[in-house]
Amino acid sequence: MNNEVKETEVNGINLHVVETKKYKTNTIVLHIKSPLVREAVTKRALLPYILQNGTERFPTRKAIRSYLDELYGATLSVDVGKKGENQILSFRMDVSNENFLKDKTPLLEEAIKLLADIILHPTLESGVFKSQVVTNEKRNLKQQIQSIFDDKLRYANMRVTEEMCKDEPYGLSVWGYEDELDAITEGELFEQYNSMLTNDSFDLFVVGDVNNSDINRMVQNYFVFEGDRKPITNSVENKQKQEVSKENVVFEEQDIKQGKLHIGFRTNTTFNDDDYFAMQMFNGIFGGFSHSKLFINVREKASLAYYASSRYESHKGILMVMSGIEFSKYDQAVSIIKEQLGSMQNGDFTDEEIVQTKAVLKNQVLETIDVAKGHVELLYHNSIANKTRSVSDWLTGIDNVKKEDIVKVAEQIQLDTIYFLKGKEE
Amino acid sequence: MEKIVFEQLNETLYHDTLENGLEVYILPKQGFNKTYATFTTKYGSIDNHFVPIGEEEALKVPDGIAHFLEHKMFEDEEGDVFQLFSKQGASANAFTSFTRTAYLFSSTSEIEKNLQTLLDFVQHPYFTEESVEKEKGIINQEITMYDDNSDWRVYFGVIENMYKNHPVKIDIAGTIESIDKITKDLLYTCYETFYHPKNMVLFVVGSLEPNQIIELVKKNQGKKTFKEMGDIQRIFDSEPDKVAKKKEVIRMSVQTPKCLVGFKEKNPNRQGNELLKHELAINILLDIMLGQSSNNYEQLYNEGLIDNTFSFDYSAELGFGFSIIGGDTTEPDRLVTSLEKLIQSFVNTPLDKKVFERAIKKKIGAYMRSLNSPEFIANQFTRYQFNEMNLFDVVEVLEELTVEELEQKMKEHFDPEMFTVCQVLPK
């Protein structure tokens, strides 16, 4: 069921290796974590995109891509994400297992070496990043930021977070801010890069038909940092209970056809807490699935929406509800959603709903670890929270939740912000 | 039951054709927790004009009915099938494409129960006037959601430009007006015609024992009776050999314009290995021409005409096919001019043998990666099967491709007559 995970520290990197024969390719993921900071967020968002533009050995983006193709179409993708109050820079690679090919080039070792080069030996000009590369990537990031506006669901999600967490790092956009881009210099970026190498936490995951000691040797040989790494240990969690004094309601208008209703709740429960599993159960019964209260009541019974669901961000302890509705159905939708929370708090859910949700949640975890990248994300939650929960801990944790535990977490949940993106009045 | 071994890939596929005509495929996957099953009918949004089972006259049905039917299948006398699946620890879903409607579940426990639920709910239609009316509200919101989605609009816009008559140009979900015309009786007519086991494929992949699965399916199907049925007659109007429209501009609430260009397939009648070879060839040509390791990509990127959203794809089915290229850009018109120019210069230049070989390698790697995914295997295998191709022949066919074949195909496919543009611009 579960594949054993081997964890070691190599050259200041937390290395996680999962040995399994179920895939035809091997997966490498590097997550680089640092606390979300207003002054750094835009610059850091640029870094992974700049780094994939050339190394000392492969000095252009095209040279890197040609080499990846040569390695039987190894893939490399970079991304920026948010986990709790951290900004995560991610590099993901996937490379064929040569055992399934006629050609026996050691593809995995070449891929790890390339990733190390991308992180540690970028192509430079006068000691900093190339200006053409920086110009291109600023433009690319600018369009990336604008694309959030263009995708109304993502936009509404960003806006509700921004409104709800105005004075918290979590309210920052991990893609940074468009108006800051022009002023950023190559030198400042390079400084940010050096700070990343010294101060950020590196978690490297390798999943596939691999051997842990081989991987340790490769990382030892290729991920060689100049000077000492002083990773900032886990950012302190925001533990104080957040009381919501009054519901914050924000309306915004755009030229669109469907209203996007996003509601943010404070749960006061995070990944580290003992009632984390009760919270997962709450989310499952309330809005996580197609058997949940939101789906049944907003969609099936009232025909108000195509989607109505909730998502729990466990490191920050926030629950987001989202639904796409007709503009005129705002009051009805909000009141149905509030009623569902009320019924959760009153214990108005059946044993059958509990059994059902336990089955679906356990299934979800087991399915997640069937996908290499899914397994990595599950393991990374542990690193983020500095807590070790194995898959079997997870399964027992869910099984042990009782109805009163769910009611208890439900009682702590408070509505913080309602955000509604609607059409322009004619 | 037939057993087919693919040695190089280390996969074994089991196949059986049941008495009622249902094709069953089973692929055991070692080490996986989950089992994934799809039950698919060869019936999609393009099948809107056909002779209903047991009748003589052809019937034209409202746009979006295949998708509407997919939604309604999840309800029976007892209520909602989603509830039953989740009690059995499974997650269920469905989708409708141009040519297929697929029902699926995945789960890590109670596989046999879930498989029976899948077979039973798809083979048990239950529609009432009231539930049909109720569904219209939900689907209207689905349609409105896509109306606001600029990526979807530009993609459908470019397909709409290509076709004058073929129903591929119709949005899969239909329109608010067209679905309003859907009735309970029309749903039954479509169901009876297209959900016959002879028109369906069951694919089960994951941690399972093939003999057990086939026994269960046989027993389940043996208990049910179906009408006699001949070949389904589908009617398509003839489609001209050129695009219906050269350019379309859609105004929406966006900050960065979106621009897609497309080439309509001239000969969309390939099936079997001929189609497999053709679609692999065109996809490889696109990759050589515009992939991230190409000179063209580097040039477009450095000139600021494309960003990370730039992509391309070729897809084909019986009756239609197209390649689509593009993404977000601040200069949509300059992007079109540059693409036109570089594509024409590409098709007039001989292919570099080394680059060709690298592209083949890359495609083999991508194919291997896709075999990690039970979802991909089940869905693609079914699509291949409906087109008389075999998913596990891909590497063999790739290794047979030659530079000469590709050079011939590129001149045929990237024809300026077949070229069209769709852009989404800020309001």
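It should be emphasised that the depicted structure is a prediction, and the values quoted were computed from it without experimental measurement.
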S.K.: Dump the intermediate steps for side-chain contact (heavy atoms from CB on, under 4.5 Å) on B/N308 and A/Y49, then the final yes or no.
M.R.: CA-CA 10 Å; B/N308 286 337; A/Y49 293 92; 3.2 Å; yes

S.K.: Please determine if A/D94 and B/R369 form a salt bridge, counting it only when a charged side-chain N lies under 4.0 Å from a carboxylate O.
M.R.: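 Yes, charged N to carboxylate O under 4.0 Å.
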
S.K.: Any heavy-atom pair between the side chains of B/K29 and A/K22 that's under 4.5 Å?
M.R.: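 The answer is no, as the side chains (C-beta and beyond) never meet within the 4.5 Å cut-off.
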
S.K.: Could you tell me which portion of A/V355 (side chain, backbone, both or neither) has an atom closer than 4.5 angstrom to a non-hydrogen atom of chain B?
M.R.: neither

S.K.: Of the backbone (N, CA, C, O) and the side chain (C-beta and beyond), which part of B/I143 lies under 4.5 Å from a heavy atom of chain A, both, or neither?
M.R.: neither

S.K.: Relative to chain B, which of A/V360, A/N140, A/T27 shows the most heavy atom pairs under 4.5 Å?
M.R.: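 Result: the option with the highest number of such pairs is A/N140.
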
S.K.: For chain B, which candidate among A/A63, A/A359, A/S66 shows the most heavy-atom pairs at distances under 4.5 Å?
M.R.: A/S66

S.K.: Please flag which part of A/R299 lies under 4.5 Å from any non-hydrogen atom of chain B: side chain, backbone, both or neither.
M.R.: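 Looking at A/R299, backbone and side chain both touch chain B.
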
S.K.: Under 4.5 Å heavy-atom distance to chain B, tell me which part of A/D151 shows up: side chain, backbone, both or neither.
M.R.: neither

S.K.: Pick from A/K21, A/K62, A/H291: which one has the most heavy-atom pairs with chain B under 4.5 Å?
M.R.: A/K62

S.K.: When only pairs under 4.5 Å are counted, which of B/K134, B/K258, B/H71 shares the most heavy-atom pairs with chain A?
M.R.: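 With the most close heavy-atom pairs to chain A, the winner is B/K134.
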
S.K.: Heavy-atom cut-off 4.5 Å, strictly under: side chain, backbone, both or neither for A/K257 against chain B?
M.R.: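 It is both, since atoms from each part get that close.
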
S.K.: Checking heavy atoms, do the side chain of B/Y301, its backbone, both or neither come under 4.5 Å from chain A?
M.R.: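 Interface part for B/Y301: both.
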
S.K.: Mind running salt bridge (charged side-chain N to carboxylate O under 4.0 Å, His left out) on B/K34 and A/D370 for me, showing each step along the way?
M.R.: CA-CA 7 Å; B/K34 86 164 147 197; A/D370 269 351; 5.4 Å; no

S.K.: For A/R61, is there an ion pair with B/E298 - N to carboxylate O distance below 4.0 angstrom?
M.R.: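 Salt bridge: no.
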
S.K.: Does A/L101 reach the side chain of B/K361, with side-chain heavy atoms less than 4.5 Å apart?
M.R.: no

S.K.: Checking A/E326 against chain B: side chain, backbone, both or neither under 4.5 Å from a heavy atom?
M.R.: both

S.K.: Check whether A/T135 gets within reach of chain B through its side chain, its backbone, both or neither, counting any heavy atom under 4.5 Å.
M.R.: neither

S.K.: Let's test your reading of the structure: which of B/A359, B/S253, B/S150, B/G137 forms the most heavy-atom pairs below 4.5 Å with chain A?
M.R.: B/S253

S.K.: Which atoms of A/I64 come close to chain B, meaning under 4.5 Å heavy atom to heavy atom: side chain ones, backbone ones, both, or neither?
M.R.: neither

